[in-house]
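Chain A is the first sequence line, chain B the second, and so forth, proteins listed ahead of strands; every chain is numbered from 1.
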Amino acid sequence: MPELPEVETIRRGLAPHLEGRRIAHVTLNRPDLRLPFPTRLAERLEGARIGILGRRAKYLLVPLDTHETLVIHLGMSGRLLVLRPESAEAQGRFHHKIERLEQHDHMVIALDDGMRLIFNDPRRFGFVLLEPDATIETHPSLAGLGVEPLGNLFDAAYLLARFAGRRTPLKSALLDQSHIAGLGNIYVCEALHRAGLSPDRSAMLVKPREAERLVVAIRDVLNDALAAGGSSLKDYRHEDGSLGYFQHSFRVYDREGQPCPKTGCKSMVIRKTHAGRSTFFCPACQG
DNA sequence: AGGATACCCTGACCGC
DNA sequence: TGCGGTCAGGGTATCC
C-alpha cells in the first residue's frame with residue numbers, strides 16, 4: 001500500500017506512540033523478509049530509546065540513542081500496527097477475520113509502556129535495515145535516491161535536467177526512484193492526468209512549460225493524499241499505520257473503462273502497461 | 001549504459 | 001466449493 005504519502009501518514013501516526021519510548025523486547029518470527037533481518041537485530045534494538053521519526057522517500061527512519069537507525073520499507077503489502085497488549089482492539093483483532101494477519105506478523109517490537117509495534121507483511125517484499133546513523137544515506141538501498149518531490153530541490157529545471165537524453169516513456173521516468181524518490185504507480189498515473197501529459201511521451205521531449213505543470217501536479221496530488229491521510233488519522237483510536245490509500249480521490253487509477261473525470265472531456269480511461277506495470281490514463285486529454 | 005523484463009511472495013478476485 | 005489464471009500500491013538482478 002505505501003507510496004510517499006502513505007509512509008508519511010504512517011510516520012505521523014506512529015510518532016506519538018514511539019518517540020521517546022524505550023524498546024523492551026523484540027521478537028522475530030522468521031529469519032528474513034525480502035532481505036535477511038540485520039545480524040543480532042533484537043539485541044541491538046533492545047534497551048535503545050527511540051528518537052524523532054523520519055522519512056526518506058518510501059523509507060521510514062527510526063533513529064535510536066545507540067546511534068543506529070532502524071530503517072523500515074513496507075514493500076507492497078507491509079503494515080505497521082501499534083497495539084495495546086490487552087486492549088479491546090487487540091481482542092477484536094484476534095476474534096475477527098483479521099486474526100489471519102498474525103500469520104504474517106514477522107517482527108514485534110515491545111515498548112517500555114507495554115505497547116507493541118507490529119510489522120506485518122504477507123508478501124514479504126518489505127525489509128528492515130539497521131545501520132549507523134552516519135552511513136544511512138550511503139546504504140545501497142538509499143544511496144541512489146533522487147530528490148524528495150515535496151522538497152525545495154524539486155522543480156522544473158531539475159526535472160528537465162534529469163530527463164535530458166532519456167528516451168524512456170515519461171511514466172517510467174517518473175517511477176524511477178533515482179529521479180524523484182517516493183512516487184509509486186498510483187500517484188504517477190494521477191499526476192500525469194492532472195498535468196494533462198501522456199505516459200507515452202519520451203521523457204526527453206517534455207517541454208519546460210509542461211515540466212512546470214508536472215511539478216505542480218505531482219506536488220498537488222501528494223499534498224491531497226497527505227491531507228486525506230491526515231484526516232483519516234484522526235479517526236484512529238489505536239494507532240494503526242495501515243491507513244491505505246484514499247480510494248475516492250483517484251481520478252484515473254484503477255478506473256479503466258470509466259469516463260475521464262476532466263471537465264468537458266468525453267473520453268474514457270484506458271489501461272496499458274509500461275515496464276510491466278499498469279498505467280491508467282485518458283488518451284484524449286493527456287497529450 | 002540505458003531501458004525493458006523476470007522475479008521475489010501471498011492473497012484477492014474472476015470465470016468456469 | 002474448488003481450481004486455475006490474473007493481478008496487485010516495490011525494488012532489484014539480469015538480460016538485451
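- Atom CZ in A:R277 sits about 8 Å away from atom P in C:dG11, given to the nearest Å.
- A:P140 comes within 4.0 angstrom of nothing in the nucleic acid, heavy atoms only.
- C:dG11 atom P lies 9 Å from atom CD of A:E3, rounded to whole Å.
- Straight-line distance from the CG atom of A:L33 to the C1' atom of B:dC7: 17 Å, rounded to whole Å.
- Of the P atoms belonging to C:dT6 and B:dA6, the separation is 14 Å, rounded to the nearest Å.
- Taking the charged nitrogens against the carboxylate oxygens, A:R213 and A:D220 have no contact shorter than 4.0 Å, which rules out a salt bridge.
- The side chain of A:H104 sits closest to B:dG11 out of B:dG11, B:dT5, C:dA8.
- For A:R251 and A:E190, the salt-bridge test fails: no basic side-chain N is under 4.0 Å from an acidic carboxylate O.
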Residue pair A:D176, A:R166: steps toward the salt bridge (charged side-chain N to carboxylate O under 4.0 Å, His left out) verdict: CA-CA 12 Å; A:D176 185 335; A:R166 307 290 176 140; 5.2 Å; no
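- Side chains of A:D32 and A:H106: no donor on one and acceptor on the other come within 3.5 Å.
- The side chain of A:R123 lies closest to C:dA8 when the candidates are B:dT5, C:dG10, C:dA8.
- Nearest nucleotide to the A:M76 side chain, out of B:dC8, B:dG11, C:dA8: C:dA8.
- A:H274 has no side-chain polar atom (N or O) that falls below the 4.0 Å cut-off from OP1 or OP2 of B:dG3.
- Using the Watson-Crick or G-U wobble rule with both distances under 3.5 Å, B:dC9 pairs with nothing in any strand shown.
- Residue-level contact check: A:R124 touches the backbone only, with heavy atoms under 4.0 Å from sugar-phosphate atoms and none from bases.
- At least one side-chain nitrogen or oxygen of A:H73 sits closer than 4.0 Å to the OP1 or OP2 atom of C:dG11.
- The A:K58 side chain lies nearest to C:dG11 when the options are C:dA8, C:dG11, B:dA4.
- Listed candidates were C:dG10, B:dA4, B:dT10. Nearest to the side chain of A:P122 is B:dT10.
- Dashed line: the shortest gap from a side-chain N or O of A:T168 to OP1 or OP2 of B:dA4 is under 4.0 Å.
- Contact check, A:R166 against B:dG3: a side-chain N or O comes under 4.0 Å of OP1 or OP2.
- Going from atom NZ of A:K171 over to atom C1' of B:dG3 covers 14 Å, rounded to whole Å.
- Ionic pairing of A:E148 and A:R56 is present here: one or more N-O contacts between side-chain nitrogen and carboxylate oxygen are shorter than 4.0 angstrom.
- A:Q177 has its CD atom 16 Å from the P atom of B:dG3, to the nearest Å.
- The phosphate of C:dA8 (OP1 or OP2) has a side-chain N or O of A:S278 nearer than 4.0 angstrom.
- Residue ring and nucleobase are not stacked for A:F125 and C:dG11 under a centre distance beneath 5.5 angstrom and an angle between planes beneath 30°.
- In the set B:dG3, B:dT10, C:dT12, the nucleotide with an atom closest to the side chain of A:S141 is C:dT12.
- Rounded to whole Å, the distance from CG on A:L74 to C1' on C:dG10 is 11 Å.
- Aromatic ring pairs are classed by plane angle as parallel below 30°, tilted from 30° to 60° and perpendicular above 60°; the pair A:Y187 and A:F250 is perpendicular.
- Atom CZ in A:R167 sits about 11 Å away from atom C1' in B:dG2, given to the nearest Å.
- Atom CG of A:L145 is separated from atom P of C:dG11 by 8 Å (rounded to the nearest Å).
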